Protein chains: 2
Amino acid sequence: MRPTVHDIAEKAGVSLATVDRVLNNRPGVRAKTRALVEETIVRIGYVRDVAAANLARKRLYRFEFLIPNSDNSFLDQLRVAVSDVAALSRIERIEIGMREVAAFDPASLVAAMREAMAGEPDGIAMVAIDDDAVRAVVAEANAAGIAVVTVVSDLPGSERVHYAGIDNLAAGRTAASLMGRFIGGRGTVGVIAGSLNARDHGERLAGFEEALRRDFPGVAVLPVIEGRDDPKRVEREAVVLLNARPDLSGLYSLGAGNRGLVKALRANAAARHLPVIAHELTATTRAALSEGLFDAVLNQDAGHEVRSAVRVMKAHADGLHTVDAQERIRIDIFLKDNMPQ
Amino acid sequence: MRPTVHDIAEKAGVSLATVDRVLNNRPGVRAKTRALVEETIVRIGYVRDVAAANLARKRLYRFEFLIPNSDNSFLDQLRVAVSDVAALSRIERIEIGMREVAAFDPASLVAAMREAMAGEPDGIAMVAIDDDAVRAVVAEANAAGIAVVTVVSDLPGSERVHYAGIDNLAAGRTAASLMGRFIGGRGTVGVIAGSLNARDHGERLAGFEEALRRDFPGVAVLPVIEGRDDPKRVEREAVVLLNARPDLSGLYSLGAGNRGLVKALRANAAARHLPVIAHELTATTRAALSEGLFDAVLNQDAGHEVRSAVRVMKAHADGLHTVDAQERIRIDIFLKDNMPQ
DNA sequence: CTGTTAGCGCTTTCAG
DNA sequence: CTGAAAGCGCTAACAG
C-alpha cells in the first residue's frame, strides 16, 4: 500500500496537522520539526493523493470563456468544445462559464472582461483582440489574481499567462511548403484572407510569403484579397480572381468563409485542378477535401485548445507550473486520406 | 452546493446504503424503492463524485504492457510513453507494468501473455503479431476477464477489446496522395518496407498502391524492397536502388530503419531532390526533415496510443463503454514547418 | 430488503 | 508551535 499522511505522522512522531502544515508549507512549524517531517516524506516515498486532498478541501475552480459571436464553423467548434469541457469538468469541481463578445470589437471584449472579473473567477480565457485597452484590462485581472489565457489569437506584450493556439507563422510556412510542392515549384498563387488586421491572419500570410521566397523563389504571390471571413464576399472575390487569372497555379485560403470559396470553385470548371489549401477542418472544408476541390486543410483542434486553456488556468490556480512544450497546440495537416472519422 | 448521496437519502427518505445500492445497481432493493431513489436522483440533478467514490473504494487497477524488444526509435518512444503514463497513473490508483517480448516471435508473445495473466491484471496491452496461437491466448485472457488491447499493430479476428493504433491502409493512401502531388503525377517511385509479413507494413503498401492507381495512374511503383527495419540492410538496399534507377522520382519508406536510408541519400548527390516520405517522427526523421532530405513524415503518436489503451482498459474494468470514435488515433503529417517543438 | 457505522486520505477548525 | 477530532462524498461490512 502507498504511504499516507498517517504513515508520515507515525514515523516522524508528529501529528497529522503538523504533517499537513509541512506538506502545504503553511507557517507555524519549527524549522527542526519541518526538516524531520520532510526527511520522513522523502524517506518513505510519500506521494500526495490529490483526489483525496481536493475532496477534503472542497476546492471549486471557476473559469470564464469569452468567445466572439461571429458566425463561422470554427467558432462553433470552439463553443461546442467549451460546453463539452464544461460538462466533463463539473465532476472535477471545475465550473466553466461562457460569454459571447461582439467580434473584432475591443470595447466589447473589455466590457465582457469586466463583467467576468466581477464574478471573481480563478481564470478567464479569451480569443484576444490586439488592442491596448484589452492589454490594460488583462493587467487588471492579473493584479486581481485572475489568470488570463488567450485562445486561438494571442495578445503579445500583455500579462496573459499563456496562449493556447497554434503558431500562425509556422502554419503559413507549412501552407507554403505544401503549395510549393503541389504546384511543382513555379507559377502564381492567390491568397484570400479574412482581415490582415487580425493577428493570426497577418502571421499566416507573413509565414507563407517568407517560406515561398526562401524555398520556392519561382513562385509569385498575388496581392492578398480580404474576404472578411464572409462567405458571400469570399465567393464574389474568388469569382473575380478566377476569371481574371486563368493562369492561376494555386490558391491559399488562410481565413474563414470557405463556403463561398467552394461555390466559386465549383462554378469554375477550369478550377477543377487548381491546388487549394485552406484552414480549419469544418463540414465545408471536409466536404471540399473529399470532393477533391481542396487538396489540404491545416487545422487547429478547438478541443485541444480549450482543454489546454483549462489545464493551464487550473495549474495557475493551484500555484503549479505547466510545461509549455507539453501545452503546445499542433498544426494538423489533413488530406482527404487522413481525415479523422 | 452540488447534491450528494446524503441529499438523495434525505429527500427519498431512505438510508445511504440503499442509495448506494441503487447508484451501483447492486441487488437487494425493492423495485419500488429503487424507482423512488432513481426519480429523486434525476430530480435533484445528482452527479456522482468519482474521486470520492474511488477513494472509498480503494480500487486499484493493474495493467500490463507487452512491448517487442526490437531496437528502433519508435519502440523507444513507446516504452518511454508507457513509463510516463505509469508514473502519472500511480496517483490515480493505476499500476502499470511492462514486459519485453522477442520481436516478431509469436511463441515469445504467447509466453509473455501467460506470465502476465498469472498476475491477474485487469488488462493487457500488446503490440500484436498476427498468429493463431496469439489469438487463442487472447481468448483465454478474455475468458478470464482480462481485457486485451492491441497497440500499434492489430490482431483482427481475435477477441481483443480494442485496437489503439492508426489505420494503416489510410496511412498508405495518405502517403500516396502526398507523393503523387509531390512528383507531379508521373514517374516511378520506390518503396522500402520492413517486412510485408508485418500486418501494418502490408496494409500501408496496399493503401499506397491502391491510392496511386486510383488518383495518379501515371505513377509506376517498383517492386518493394524489404529492409527488415534494420538500418544497415536498409542502407545497402537503398544504395543499390539509387544507383540502379537514376530515373527514380520518389521514395516511400513505410517501415523503420530510416537511419540507413538517410545515409544512403546523403551519399547520393543525385538524390538531393528526390521526394521522400517516411513514417514515425524520431530523431532521425526529424533531422532528415529539417535538412530537406525527407519531405514528409507520417506519424502515430505513441503517447496517444498508450494513453488511449489505458483509458480503454480502465473503462472496461469499470464496465463502462468507450466511444470508439473518440479513441481513434490520428495519422499525423509532419513537414519541416509544422514539426512540434 | 433496509439501515448503521466505520472508514478511504487529506484538510481544517479549535484547543492547548 | 503542536495536536485531537470532525468531516469532505462515497462505499462496504455487518446487523437487523
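Predicted model only: the values in this text are computed from it and were never measured. In the text below, chain A, chain B and the rest are named by the order of the sequence lines, each starting its count at 1.
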Closest-nucleotide 5' rank along DNA chain C - winner of A:Asn24 and B:Leu16: B:Leu16
Sugar-phosphate, base or nothing in reach of B:Arg21, heavy atoms under 4.0 Å: base
Donor-acceptor pair (no angle test) under 3.5 Å: A:Arg57 side chain, D:dG7 base: no
Touch class at under 4.0 angstrom, heavy-atom based, for B:Val14 against every strand present: sugar-phosphate
Presence of B:Arg26 side-chain N/O under 4.0 Å of D:dA12 phosphate oxygens OP1/OP2: yes
Sugar-phosphate only, base, or nothing, as touched by A:Asn54 at under 4.0 Å among non-hydrogen atoms: nothing
From CA spacing to verdict: side chain to side chain contact (heavy atoms under 4.5 Å, CB included), A:Leu66, A:Val127: CA-CA 7 Å; A:Leu66 311 184; A:Val127 178; over 6 Å; no
Below 4.0 Å: OP1/OP2 of D:dT2 and any side-chain N or O of A:Thr18: no
Atom-pair distance (CG on B:Asn25; C1' on D:dT11), nearest Å: 15 Å
Sugar-phosphate only, base, or nothing, as touched by B:Ala53 at under 4.0 Å among non-hydrogen atoms: sugar-phosphate
A:Asp20 vs B:Arg34, nearer the 5' end of DNA chain C by closest nucleotide: B:Arg34
B:Glu159 versus B:Asn142, side-chain donor and acceptor atoms under 3.5 Å: yes
Touch class at under 4.0 angstrom, heavy-atom based, for B:Val19 against every strand present: nothing
Sugar-phosphate, base or nothing in reach of A:Val5, heavy atoms under 4.0 Å: base
Side-chain N,O (A:Ser15) to OP1/OP2 (D:dG3) below 4.0 Å: yes
